[in-house]
Structures are given as structure tokens and as C-alpha cells.
Amino acid sequence: LRGSWYGGSVVESPTARGAVRVRYTGSNTEEEEVSASRLRPQPPEVSPSEWKALACADTALELYFQQGWWDVVVAEVKKTCIAVVAPEYAKRHTVPPSKLRPRWSFDPASRHEPSGGWSLSVGGTSYALAAWREQAAALAAEANAAAEAERTAAAAASRPPEPLSAAEAEA
């Protein structure tokens with residue numbers, strides 16, 4: 001299906017045409033012959049806390065839906081969920097971040113580099129895996145600091161004013 005990725009394993013070596021037979025994860029019998037160029041390793045696993053700070057309108061992500069990962073684009077980020085659209089099918093879904101992951105690109109020629117060949121693009125900037133993790137950690141730290149400052153300000157605003165000392169009251 002266009003715009004989607006499914007887990008699986010190779011069960012038969014490439015043919016002269018460059019096709020391989022794969023068996024899909026979760027299926028004991030469903031096999032398909034696919035072009036070797038359509039195969040890639042499993043992308044890096046990352047938690048939503050690592051990437052959610054980078055998610056904004058038009059960010060490319062993948063949605064776990066119908067046992068596969070589908071290309072989607074962020075339409076709106078809400079407090080507890082993210083609305084995404086699958087451009088290939090013009091379908092909108094509003095889901096928790098746990099059902100999403102970054103849309104990784106894999107470059108087989110770079111698979112021996114520290115990034116393992118994986119990169120992603122956010123806001124027009126392309127990041128190798130390590131650089132992206134550094135950027136995501138910095139943004140998450142900023143978001144946490146801002147939230148802490150907001151909680152501190154709210155707590156201070158909710159306290160009653162302290163009584164004036166005798167010297168302040170006389171002045």
C-alpha cells in the first residue's frame with residue numbers, strides 16, 4: 001500500500017530481478033515478493049518525549065494504523081493528542097503521540113556511519129540521528145524549563161500577600 005511500511009523478514013534471497021520474498025510481522029502465512037529497493041531496516045525507536053517538541057504544523061511523521069506505519073503530516077498539535085493527515089489518502093486522524101513516530105529516511109550508503117544511515121527532516125532542516133537527538137533534547141529541556149517557570153509563577157500568584165512588618169506599616 002502506497003505511503004506505508006510494514007514489519008517483516010526476508011524468507012527468500014533476491015532473485016535475478018532483484019526481488020525478495022518477505023513474510024510480514026504478525027502473519028504466519030502472508031508472503032509477498034517485493035523489490036529489494038523497497039526494504040529498509042527497522043527505524044530507530046524513539047519515545048514521543050524525544051520528538052514531540054519538534055512536532056509542528058506540516059511536520060512529516062508516521063502513524064501506526066492497521067498494523068503498519070503510514071506517512072502523515074501534522075495538521076494540529078493539541079495538549080494530549082496530535083491531528084495528522086495522510087496526504088496520499090486525504091484522511092485525518094487525531095491520535096495520542098504514542099501512535100506516531102518521526103518519518104525517518106534511510107540511506108543505505110550511510111549505514112556504517114554513526115547515524116546508521118537514518119536521518120529526518122524537520123522544518124526544512126535535515127538531521128542525522130545523533131544531531132536530531134541533541135536538538136530534540138535541547139527543545140525538551142527548554143519546554144520543561146518554561147513549564148516549571150509557569151508553575152512557579154502560578155504558585156506565587158495563588159499565595160496570599162505577606163503581612164506588613166510594624167516598620168512598614170508605620171511608614
Side-chain angles (χ1 to χ4, degrees), residues 1-137 139-140 143:
L1 298 168
R2 287 187 320 236
S4 64
W5 291 95
Y6 289 84
S9 56
V10 174
V11 294
E12 194 175 302
S13 298
T15 64
R17 295 182 325 237
V20 295
R21 181 159 289 285
V22 297
R23 178 174 296 133
Y24 293 104
T25 303
S27 170
N28 292 330
T29 58
E30 188 178 352
E31 293 182 5
E32 181 180 26
E33 193 172 281
V34 299
S35 168
S37 66
R38 287 286 303 142
L39 300 178
R40 69 179 189 182
Q42 185 73 18
E45 287 195 30
V46 295
S47 70
S49 63
E50 285 185 84
W51 61 262
K52 190 170 184 264
L54 295 174
C56 59
D58 298 324
T59 299
L61 298 175
E62 292 180 349
L63 164 68
Y64 188 74
F65 180 71
Q66 295 180 338
Q67 299 181 340
W69 290 97
W70 297 77
D71 290 348
V72 294
V73 176
V74 173
E76 181 182 5
V77 178
K78 301 177 181 181
K79 190 171 185 164
T80 60
C81 58
I82 298 176
V84 295
V85 175
E88 189 77 34
Y89 302 96
K91 294 286 184 181
R92 184 180 173 108
H93 301 269
T94 301
V95 297
S98 61
K99 294 285 185 184
L100 298 164
R101 70 180 184 192
R103 187 184 308 165
W104 294 99
S105 296
F106 180 70
D107 177 10
S110 302
R111 69 184 178 277
H112 300 296
E113 294 179 11
S115 69
W118 292 103
S119 65
L120 76 157
S121 181
V122 177
T125 303
S126 185
Y127 297 94
L129 178 60
W132 171 77
R133 283 202 156 128
E134 288 174 15
Q135 177 73 9
L139 287 173

**Asked** Roughly how far, to the nearest 0.5 Å, is the NZ atom of Lys52 from the OG atom of Ser98?
**Response** 11.0 Å
**Non-hydrogen atoms of Ser13 and Val20 that approach each other most closely** = C-CG1, 4.1 Å
**Prompt:** Between Tyr6 and Gln66, what is the shortest heavy-atom contact and its length?
**Reply:** CE2-O, 3.5 Å
**Prompt:** Val72 and side-chain contact (heavy atoms from CB on, under 4.5 Å): which partner among Val95, Thr59, Val84?
**Reply:** Val84
**Message:** Would you say that Glu62 contacts Asp71 through its side chain, given a criterion of any heavy-atom pair below 4.5 Å between the two side chains?
**Reply:** yes
**Asked** Which of parallel (below 30°), tilted (30 to 60°) and perpendicular (above 60°) describes Phe106 and Trp118?
**Response** tilted
**Message:** Check whether Thr25 reaches the backbone of Gly8 with its side chain - one donor and one acceptor, N or O, closer than 3.5 Å.
**Reply:** yes
**Request:** Inspect the surroundings of CG in Asp58 and state if more than 12 heavy atoms from other residues, nucleotides or ligands are less than 6.0 Å away.
**Result:** no
**Asked** Shortest non-hydrogen contact from Leu120 to Pro102?
**Response** CD1-CB, 3.6 Å
**Fill in**
Heavy-atom closest pair (Phe65 atom, Trp70 atom, distance to 0.1 Å) is O-NE1, 2.8 Å
**Item:** Student check: side-chain heavy atoms of Trp5 and Arg38 closer than 4.5 Å
**Value:** yes
**Heavy-atom closest pair, residues Pro43 and Trp104** = CB-CD1, 3.7 Å
**Prompt:** So how far is it from Glu12 CD to Glu31 CD, rounded to the nearest 0.5 Å?
**Reply:** 8.0 Å
**Message:** If you count every heavy atom of other residues, nucleotides or ligands that lies below 6.0 Å from Glu32 atom CD, does the total exceed 12?
**Reply:** yes
**Asked** Are Leu100 and Val74 close enough that some pair of their side-chain heavy atoms sits under 4.5 Å apart?
**Response** no
**Request:** Answer yes or no: is there a donor N or O on one side and an acceptor on the other, between the side chain of Arg92 and the main chain of Ala83, under 3.5 Å?
**Result:** no
**Message:** Just so I know, are the side chains of Val73 and Arg103 near enough to count as touching, which here means a heavy-atom distance under 4.5 Å?
**Reply:** yes
